[in-house]
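Everything below concerns the one structure shown next.
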2 protein chains.
Amino acid sequence: MRADARRNYERLVVAAREVFAQEGGGASMEAIARRAGVGVGTLYRHFPNRIDLVEAVYRTDVDNLVHTAEQVSADLEPWPAAVAFLEAFVRYAQGKRTFLNELREAFDKNPDLRVDMMDRIRQAMELVVGRAQRAGVMRTDVDGSDLMQLVGPMCTNATLSVDQSKRLLDTILDGLHKEP
Amino acid sequence: MRADARRNYERLVVAAREVFAQEGGGASMEAIARRAGVGVGTLYRHFPNRIDLVEAVYRTDVDNLVHTAEQVSADLEPWPAAVAFLEAFVRYAQGKRTFLNELREAFDKNPDLRVDMMDRIRQAMELVVGRAQRAGVMRTDVDGSDLMQLVGPMCTNATLSVDQSKRLLDTILDGLHKEP
DNA sequence: TGCTAAACGGAAGGACCCTCCGTATAATAA
DNA sequence: TTATTATACGGAGGGTCCTTCCGTTTAGCA
């Protein structure tokens, strides 16, 4: 892959995320190409159709979330790491709302995508949760999958405000926390 | 409303339901107008935009479901009536899947639609459920809302087969049934 | 039967997805 | 450094779709 091709690929994914966030999942391919500073031809060479672009944006969202899990595990104490990761997870899940319909199409077209991404997230969740549990600062009768099922759908709900999600996450965190 | 206008309105709703079922929620307005035997101009006079047509189709689906509740309550014994209604409810909920994305848009645009329709369905459900419970043929520790929450999301799930839904409904019915 | 408000049909405007191909450029070798 | 070429770029344009507009038709009524 040539240097300019790689640069444009990355620009396009960044631009797509921004435009989706700003204009919703129905944003036009022209708008995304314009924001990335390339022509639509370039966009379509990298992403043969709209749904492939959605998939790429989603994959990098998951990459970032997994990376956050590794980062907080390395940098922070077990409990603060868990808090930071769950906050990142809420942001991730809420971010999906801007292009939720398109994401559903992507899942329909390629069912493995859903399975693979859920699995990666579950592993990231368990990295953080397991560490907190072994350190004795988190109750041990829930696991990563449970937390995904609890927090994920809550955030995907279109009628949930940012404030609400903060308060609900605080409540959940209080319920999870345990003095060592 | 002139006679031809009313006739075309009804034809359009019927045609839309058929075309959505056949081609999915993304079906074109031209295809729907053609199926109804009218021009697109006529379609747009009755339904100023796509989402209004989706809403109309959905409203008649709910009308039919409510009507079924009244019908079975009048015609059948309490338990057979409950079985018949729950089967109709499953068909209704599965029917939504063909234009689920569009329906979500309609709910976003007009939140009252969701609330109103849920309420009508809940009432219909409770008409049938309450009667069966008073007749002593249905356990009394669940109500109409519970059954909606139990059965509805199950049917909306895209990965559920018709066979599965039949078996699951049978299971639920067995759990609900009580000898008088 | 004649009148008119209401309804009809479909051409056309505008937006969008995607393709195609002539042009430009990064990478490489002389 | 320069020439070569595979690779990538840009954007006009084809095709489809939603929606608007307006000339034509018709139902309902006096």
Side-chain angles (χ1 to χ4, degrees), chain A residues 1-58 98-106 108-110, chain B residues 1-58 98-106 108-110:
Chain A
M1 203 170 185
R2 242 167 62 173
D4 52 349
R6 169 159 298 279
R7 194 170 52 240
N8 281 332
Y9 180 98
E10 284 161 8
R11 275 187 190 165
L12 280 164
V13 174
V14 170
R17 197 197 329 278
E18 290 170 354
V19 174
F20 285 148
Q22 193 171 326
E23 302 180 23
S28 78
M29 299 297 261
E30 272 83 0
I32 293 167
R34 213 178 310 127
R35 176 130 190 168
V38 304
V40 281
T42 301
L43 200 175
Y44 276 93
R45 194 161 331 90
H46 287 297
F47 306 99
N49 55 53
R50 188 183 176 71
I51 225 63
D52 294 327
L53 180 56
V54 170
E55 178 171 329
V57 170
Y58 179 56
T98 61
F99 56 111
L100 199 56
N101 280 351
E102 287 69 23
L103 199 54
R104 285 208 180 86
E105 273 181 61
D108 286 348
K109 185 187 162 195
N110 175 12
Chain B
M1 205 169 183
R2 242 166 64 173
D4 53 347
R6 168 159 299 279
R7 193 170 54 242
N8 281 332
Y9 180 98
E10 283 160 9
R11 275 186 190 167
L12 280 164
V13 174
V14 170
R17 199 198 327 280
E18 290 169 356
V19 174
F20 284 149
Q22 196 172 323
E23 303 180 21
S28 78
M29 300 296 261
E30 272 85 358
I32 293 167
R34 212 179 311 129
R35 176 129 191 168
V38 304
V40 282
T42 301
L43 200 173
Y44 275 91
R45 193 160 334 87
H46 288 297
F47 307 99
N49 55 53
R50 189 184 174 70
I51 223 63
D52 294 327
L53 180 57
V54 170
E55 179 171 328
V57 170
Y58 179 55
T98 61
F99 57 111
L100 198 56
N101 281 350
E102 288 70 24
L103 199 54
R104 286 209 179 86
E105 271 180 62
D108 285 348
K109 184 188 162 195
N110 175 12

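Residue numbers begin at 1 in each chain, while the letters A, B, ... track the order of the sequences.
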Should [X] and [Y] count as side-chain neighbours, where that means a heavy-atom distance under 4.5 Å?
X      : Y      : answer
B/N8   : B/R45  : no
A/N101 : A/E105 : no
B/M29  : B/Y44  : yes

Would you kindly give the [atom1]-to-[atom2] distance between [X] and [N], to the nearest whole Å?
X     : N      : atom1 : atom2 : value
A/L43 : C/dC18 : CG    : P     : 10 Å
B/N49 : D/dT19 : CG    : P     : 5 Å
B/Y9  : C/dC8  : OH    : P     : 13 Å
B/R34 : C/dC8  : CZ    : P     : 18 Å
A/R6  : D/dC9  : CZ    : P     : 12 Å
A/F47 : C/dT19 : CZ    : P     : 15 Å
B/L12 : C/dG9  : CG    : C1'   : 13 Å
A/R11 : D/dC9  : CZ    : P     : 10 Å

Would one find a side-chain N or O of [X] under 4.0 angstrom from OP1 or OP2 of [N]?
X     : N      : value
B/Y44 : D/dT20 : no
B/N8  : C/dC8  : yes
B/H46 : C/dA7  : no

Practice task
Name the closest nucleotide to the A/V40 side chain, picking from D/dC18, D/dA8, D/dG11.
Solution key: D/dG11
Practice task
From the options D/dG28, D/dC9, C/dA26, select the nucleotide whose nearest atom is closest to the side chain of B/A3.
Solution key: D/dG28
Practice task
Between B/M1 and A/R45, name the one whose nearest nucleotide on DNA chain D is closer to the 5' end.
Solution key: A/R45
Handout entry: 5'-most by nearest nucleotide on DNA chain D - B/I51 or B/D4
Key = B/I51
Fill in the blank from the handout: Rounded to the nearest 0.5 Å, the CZ atom of B/F99 sits from the CZ atom of B/R104 at a distance of 12.0 Å
Exercise for the section: Output the distance between atom CD (A/E23) and atom CD1 (A/I32), rounded to the nearest 0.5 Å. Expected result: 8.0 Å
Fill in the blank from the handout: Closest heavy-atom pair, A/V54 versus A/E102, reported as atoms and distance to 0.1 Å, is CG2-CB, 3.8 Å
Handout entry: 5′-ward residue of the pair B/E30/B/G37 relative to DNA chain C
Key = B/G37
Practice task
Could you pick out which residue, B/V38 or A/P48, lies toward the 5' side of DNA chain C when each is mapped onto its nearest nucleotide?
Solution key: B/V38
Using a 4.0 Å heavy-atom cut-off across all strands, classify [X] as base, sugar-phosphate, or nothing.
X     : result
A/A27 : sugar-phosphate
B/T42 : base
B/R50 : sugar-phosphate

Practice task
Look at the side chain of B/R2 and the base of C/dA6, then say whether one donor and one acceptor between them are separated by less than 3.5 Å.
Solution key: yes
